[in-house]
> 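Mind looking over this structure? Questions follow.
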Amino acid sequence: MDAVTDFALVTGAGSGIGAALAVELATRGVGVILVGRRREALHQTRASLPAGVPAFVAPVDIAEATDREGLVQSVMQRLEMHGQRLRYLVHNAGIGKPAAGFEAMEPDDLTQALAVNVTAPLALTQQFMPALRQAEDARVLFVGAGIADRPQPGTGSYGISKKALARLFDQLQADFAWAEADDWPALALFQPGLVDTAGLQDHLAAARSCGLPHTGYLDHALASGQARAPETVARAMADALIAMPVTDFSGATLRP
Ligand SMILES: NC(=O)c1ccc[n+]([C@@H]2O[C@H](COP(=O)([O-])OP(=O)(O)OC[C@H]3O[C@@H](n4cnc5c(N)ncnc54)[C@H](OP(=O)(O)O)[C@@H]3O)[C@@H](O)[C@H]2O)c1
């Protein structure tokens with residue numbers, strides 16, 4: 001393989017969609033930076049990548065400002081040292097605890113979900129902006145969720161924060177257009193639909209223990225094979241990042 005110069009940073013790369021995307025991108029010759037809190041999970045993803053593609057793990061909590069600063073510094077040092085560039089930024093990490101109704105909803109859970117699902121994507125996009133501006137045709141992908149527009153009982157932290165993420169996506173488009181800078185990255189929102197991951201299974205188990213009604217829909221969807229495999233979704237995301245014309249990517253809401 002030719003020397004790899006383009007890198008993608010994928011948050012939540014230790015499991016599910018993020019892990020599958022890291023594999024898919026590396027298979028297509030893109031170097032990957034694997035971000036998540038659990039070091040072992042990131043190393044597991046690292047071990048499943050094709051040989052010869054540069055990849056490194058960055059075990060950080062993206063909700064923490066100091067972790068984000070350390071991440072940006074170490075990534076930039078490493079890429080600059082090897083003459084490599086950050087071309088793709090994928091805000092895939094996502095959380096949001098179910099609650100057994102209004103009175104059980106913990107405001108702190110919402111705060112945490114907003115920190116991971118909204119504040120971190122904003123801060124990381126800002127902090128990596130100088131690097132993204134140096135890469136030709138750089139792209140930033142935000143991973144949304146359909147629940148943002150379909151409120152279900154007990155899903156406030158997750159749904160509200162994903163709705164806010166979609167609004168952040170709209171906001172950045174407006175701000176980028178106003179800046180009239182022609183070297184800023186293109187932005188897109190990716191809506192994965194239902195994907196059979198550990199994250200979905202954890203959500204289902206937690207929602208079931210709260211007695212939430214949408215578990216019936218999820219059980220049926222999983223049993224009838226309506227949930228996609230993470231690999232299928234990862235292929236669509238990699239296509240969007242690497243192969244889609246920028247005019248189609250920019251400002252789009254994409255689906256697998
Ligand atoms: N699966 C679905 O049906 C579905 C549907 C719609 C949208 N989505 C979205 O798709 C994305 C991926 O979900 P998934 O299903 O693949 O779930 P997942 O396996 O739970 O992946 C989420 C990842 O985010 C990481 N993460 C969580 N908090 C973090 C933090 N503070 N700092 C760094 N990393 C953090 C987790 O790793 P650590 O725990 O190691 O930090 C985990 O690897 C999420 O944004 C989710 O909302 C999924």
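Sequential numbering from 1 along the given sequence is applied to the chain's residues. In listed order, ligands and their atoms are each counted from 1.
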> Suppose we measure from atom 23 (C) of ligand 1 to each protein heavy atom; which comes out shortest, and what is that distance?
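Here the closest protein heavy atom is Gly12 CA, 3.6 Å.
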
> Is it the side chain, the backbone, both or neither of Val116 that has a heavy atom closer than 4.0 Å to ligand 1?
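For Val116, the contact with ligand 1 is made by the side chain alone.
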
> Short list, please: which atoms of ligand 1 are under 4.0 Å from a heavy atom of Ser15?
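Within the 4.0 Å cut-off of Ser15, ligand 1 contributes 18 (P), 19 (O), 21 (O), 42 (C), 43 (O).
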
> Nearest protein heavy-atom contact for atom 45 (O) of ligand 1: which residue, which atom, what distance?
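The protein heavy atom lying closest is Asn92 O, 2.7 Å.
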
> Could you check which of Ile62, Asp202, Ile17 puts a non-hydrogen atom nearest to atom 16 (O) of ligand 1?
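Residue with the shortest heavy-atom distance to the ligand atom: Ile17.
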
> Heavy atom to atom 31 (N) of ligand 1, shortest distance: which of Leu218, Asp61, Val35 holds it?
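Nearest heavy atom to atom 31 (N) of ligand 1 lies in Asp61.
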
> Answer with yes or no whether Val60 contacts ligand 1, where contact means a heavy atom under 4.0 Å from a ligand atom.
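True for this residue.
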
> Answer side chain, backbone, both or neither: which part of Gln191 comes under 4.0 Å from ligand 1, heavy atoms only.
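Answer for Gln191: neither.
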
> By number and element, which atoms of ligand 1 are closer than 4.0 Å to a non-hydrogen atom of Gly16?
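Atoms satisfying the 4.0 Å criterion: 16 (O), 19 (O).
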
> Please determine if Arg228 and Asp196 form a salt bridge, counting it only when a charged side-chain N lies under 4.0 Å from a carboxylate O.
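Between Asp196 and Arg228 there is no salt bridge, as every charged N stays at least 4.0 Å from the carboxylate O atoms.
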
> Taking the six-membered ring where the residue is Trp, are the ring centres of His220 and His214 under 6.0 Å apart?
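No.
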
> Nearest protein heavy atom to atom 20 (O) of ligand 1, by residue and atom, and its distance?
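Going atom by atom, the protein heavy atom closest to atom 20 (O) of ligand 1 ends up being Gly199 CA, 3.2 Å.
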
> Which atom names give the shortest non-hydrogen contact between Gln84 and Pro54, and what distance separates them?
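Scanning both residues completely, I find the closest heavy atoms to be NE2-CG, 4.3 Å.
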
> Examine distances only and state if a side-chain atom of Arg46 and a backbone atom of Ala55 form a donor-acceptor pair shorter than 3.5 Å.
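At least one qualifying donor-acceptor pair exists.
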
> What are the two closest non-hydrogen atoms of Asp149 and Lys163, and how far apart are they?
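Closest pair (atom of Asp149, atom of Lys163, distance): OD1-NZ, 2.6 Å.
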
> Which of the numbered atoms in ligand 1 are under 4.0 angstrom from any heavy atom belonging to Gly193?
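Atoms satisfying the 4.0 Å criterion: 2 (C), 3 (O), 4 (C), 5 (C), 6 (C).
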
> Thr11 side chain to Asn92 main-chain N or O, any donor-acceptor pair under 3.5 Å?
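Pair found, side chain donor or acceptor close to backbone of Asn92.
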
> Looking at Ile95, which atoms of ligand 1 are within less than 4.0 Å of one of its heavy atoms?
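So the atoms of ligand 1 that pass are 27 (C), 28 (N).
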
> Atoms of ligand 1 less than 4.0 Å from Val195 heavy atoms?
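Those atoms are 1 (N), 2 (C), 3 (O).
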
> Look at ligand 1 and say whether Ala41 reaches it with a heavy atom at a distance under 4.0 Å.
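In this structure, Ala41 fails to qualify as a contact of ligand 1 - no heavy atom is under 4.0 Å.
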
> Can you tell me if Arg133 has over 12 outside heavy atoms packed within less than 6.0 Å of its CZ?
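More than 12 within 6.0 Å, yes.
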
> Counting only heavy atoms closer than 4.0 Å, does ligand 1 sit against the backbone of Thr197, its side chain, both, or neither?
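The side chain, only.
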
> Regarding Ser161 and Asn117, do their side chains bring together a donor and an acceptor under 3.5 Å, going by distance alone?
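Yes, Asn117 and Ser161 have a side-chain donor paired with an acceptor closer than 3.5 Å.
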
> So which protein heavy atom does atom 7 (C) of ligand 1 come closest to, and at what separation?
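Result: Gly144 O, 3.2 Å.
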
> Flag the pair Arg28 and Asp239 as a salt bridge only when some basic side-chain nitrogen lies within less than 4.0 angstrom of an acidic carboxylate oxygen.
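Yes, charged N to carboxylate O under 4.0 Å.
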
> Report yes or no: does Thr155 contribute a side-chain atom to a donor-acceptor pair with the main-chain N or O of Tyr158 at less than 3.5 Å?
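Not at all, since once roles are kept as given, no pair shorter than 3.5 Å links the two residues.
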
> May I ask you to identify the nearest protein heavy atom to atom 34 (N) of ligand 1, giving residue, atom name and distance to one decimal place in Å?
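Checking every protein heavy atom, the shortest distance to atom 34 (N) of ligand 1 gives Gly36 CA, 3.6 Å.
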
> Could you tell me the residue and atom name of the protein heavy atom closest to atom 40 (O) of ligand 1, and the distance to it rounded to 0.1 Å?
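Looking at atom 40 (O) of ligand 1, the protein heavy atom closest to it is Arg38 NE, 2.7 Å.
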
> Hey, could you give me each pair passing side-chain hydrogen bond (donor to acceptor under 3.5 Å, both in side chains) that has a residue in residues 56-80? Not counting sequence neighbours.
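Found none.
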
> For Leu194, take its heavy atoms, then give the atoms of ligand 1 lying under 4.0 Å from any of them.
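It comes down to these atoms of ligand 1: 3 (O).
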
> Please confirm whether His91 approaches ligand 1 to less than 4.0 Å, judged on its heavy atoms.
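Contact absent.
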
> Between Lys162 (side chain) and Val143 (backbone), is there a donor-acceptor pair under 3.5 Å?
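Side chain of Lys162 to backbone of Val143: a pair is present.
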
> If you compare all heavy atoms of Met76 against all heavy atoms of Ala131, which two are closest, and at what distance to 0.1 Å?
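Smallest heavy-atom distance, with atoms named: CE-CB, 3.4 Å.
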
> Enumerate the atoms of ligand 1 whose separation from the nearest heavy atom of Ala93 is less than 4.0 angstrom.
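The atoms of ligand 1 under 4.0 Å from a heavy atom of Ala93 are 24 (O), 25 (C), 26 (N), 34 (N), 35 (C), 45 (O).
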
> Just need the protein heavy atom nearest to atom 9 (C) of ligand 1, so name the residue and atom and give the distance.
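Protein heavy atom with the smallest distance to atom 9 (C) of ligand 1: Val143 CG1, 3.7 Å.
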
> So, does Ser250 use its side chain to make a donor-acceptor pair with the main chain of Val246 at under 3.5 Å?
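A pair under 3.5 Å: no.
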
> Pull out every atom of ligand 1 sitting under 4.0 Å from any heavy atom of Pro192, numbered as shown with elements.
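Close to Pro192: 6 (C), 7 (C), 8 (N).
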
> Provide, to 0.1 Å, the distance between atom 39 (O) of ligand 1 and the closest protein heavy atom, together with that atom's residue and name.
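That would be Arg37 NH2, 2.9 Å.
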
